[in-house]
Amino acid sequence: MHLWSKASRAFGTARINCINQKEHGDVSTLFHDQIDFPGKRDKEVYIKIEATAVNRAEILQRRGLYPPIKGATKIIGLEGAGYLCNSQEEYLSGGYKNNSRIMALLEGGGYSDIASVHKDHIIPIPENLSFTEAAAIPETWLTSYQLLNLVANARKGDYALIHAAASGIGCAAIQICKMQGVKPIAVASSQAKLDHSIELGAVAGINYKETPDFSESVKEYTNGKGTNIILDCIGAQNFDYNVKSAAMDCQWVLYGAMGGVRIQNVNLGPLLAKRIQFLSSTLKSRTNEYKAKLVQKFSEDCIPGFESGELKPIVDSVTTLSKVADAHTRMEANLNIGKIVMVNDL
């Protein structure tokens with residue numbers, strides 16, 4: 001039981017419930033709090049959060065390793081699904097329940113009852129998807145689509161090596177590859193994760209715990225040519241193996257560094273010999289204009305797939321925002337296959 005109501009008003013300003021943090025650290029630093037109803041900037045609207053999902057970047061923010069962008073709320077949460085909300089009054093009255101159901105790419109604030117969001121960073125939720133399913137889409141699917149199509153240039157017939165294939169981004173990337181005629185090769189830590197990746201559309205799977213140097217397997221699956229695209233969230237740990245796995249003119253996209261950022265005695269010769277294009281990308285720090293273009297292109301290319309059932313948000317598990325510590329712990333232990341969704345019970 002909470003000591004406060006769902007929403008309250010003090011001195012003319014509504015108060016909202018959220019998951020807050022006073023200092024960086026482990027999951028014990030997260031706590032239930034009340035804060036002022038958020039303001040909104042030009043071209044922003046509100047989303048009444050019904051569900052959100054856990055992202056690796058949020059764990060890094062909790063630890064103090066990935067701060068919010070300038071001007072954004074410090075409340076964690078990069079995506080959400082819920083109702084369009086126009087004002088404090090509509091929030092307090094519950095009138096938002098008559099509004100459109102939307103999912104949103106957020107600068108922050110997903111771990112709260114309501115968040116502000118740029119009007120061009122929202123997507124109508126397809127009628128066949130629940131809030132729980134929709135919450136598993138914005139951050140990971142937009143990231144995957146961006147990596148394959150705006151950062152790299154995935155073409156039909158290409159091979160794409162997908163690291164962390166059972167993650168939210170990995171599950172999305174495999175499905176987008178299949179839809180576009182790209183052949184994904186999954187890399188994951190267990191047979192169960194690889195079986196799931198194959199079910200989603202991967203043409204092959206590699207268990208990196210059994211085969212740390214996965215390059216020979218990649219060459220085998222690509223008839224000796226190597227992979228045309230690498231989606232790499234690992235970094236230093238796999239650098240040499242990725243180089244050996246790459247085809248001529250490979251597009252290698254680094255979007256995370258779970259395996260470190262420093263490489264000892266690196267040899268750049270093979271990158272030159274293979275004409276490897278080494279690219280890097282993050283999404284949170286992109287401009288509003290870039291994100292709006294991404295949302296538009298993703299909506300045009302992928303939302304029909306969700307409506308038809310060709311594309312599916314993969315939900316690993318569903319918990320509540322009040323159990324955020326458990327959700328973060330599950331992701332940090334790399335137990336999830338797909339997204340860990342949190343329903344708003346604050």
Check: [Y] and [X] side chains under 4.5 Å, non-hydrogen atoms:
X	Y	value
Ile19	Ser112	no
Val341	Thr319	no
Arg62	Gln21	yes
Leu294	Leu283	yes
Ser130	Glu133	yes

Look at [X] together with [Y] and state whether they make a salt bridge at an N to O cut-off of under 4.0 Å.
X	Y	result
Asp345	Lys323	no
Arg155	Asp158	yes
Glu332	Arg63	yes
Asp316	Lys339	no

(message) Is it the case that over 12 heavy atoms from other parts of the model lie below 6.0 angstrom from the NZ atom of Lys219?
(response) yes
(request) Please say whether more than 12 non-hydrogen atoms of neighbouring residues, nucleotides or ligands are located less than 6.0 Å from CD in Glu127. (result) no
(message) Ring-plane angle category for Phe214 and His163, please: parallel below 30°, perpendicular beyond 60°, tilted otherwise.
(response) perpendicular
(request) Fit a plane to each ring of Trp252 and Phe278, take the angle between them on a 0 to 90° scale, and name the class: parallel (under 30°), tilted (30 to 60°) or perpendicular (over 60°). (result) perpendicular
(request) Go through the side-chain N and O atoms of Glu79 and Asn55 and say whether any donor and acceptor fall under 3.5 Å apart. (result) yes
(message) Please identify which of these residues, Leu200, Ile162, Val315, meets the side chain to side chain contact (heavy atoms under 4.5 Å, CB included) condition with Cys171.
(response) Leu200
(message) Tell me which one of Ile174, Leu161, Val187, Val253 satisfies side chain to side chain contact (heavy atoms under 4.5 Å, CB included) with Leu231.
(response) Val253
[X] to [Y], cation-pi by 6.0 Å centre distance and 45° axis angle:
X	Y	value
Lys297	Tyr145	no
Lys22	Phe31	yes
Arg15	Phe37	no
Lys48	Tyr83	no

(request) Go through Lys225 and Met248 one step at a time and tell me if the side-chain contact (heavy atoms from CB on, under 4.5 Å) criterion holds. (result) CA-CA 8 Å; Lys225 295 181 179 179; Met248 290 294 293; over 6 Å; no
(request) Verify side-chain contact (heavy atoms from CB on, under 4.5 Å) between Ile35 and Ile16, making sure each step is shown before the conclusion. (result) CA-CA 6 Å; Ile35 59 173; Ile16 66 168; 3.7 Å; yes
(request) Please step through side-chain hydrogen bond (donor to acceptor under 3.5 Å, both in side chains) for the pair Tyr111 and Asn20, ending with a clear verdict. (result) CA-CA 8 Å; Tyr111 293 12; Asn20 210 340; over 6 Å; no
(message) If you compare all heavy atoms of Ile125 against all heavy atoms of Ala81, which two are closest, and at what distance to 0.1 Å?
(response) CD1-CB, 4.1 Å
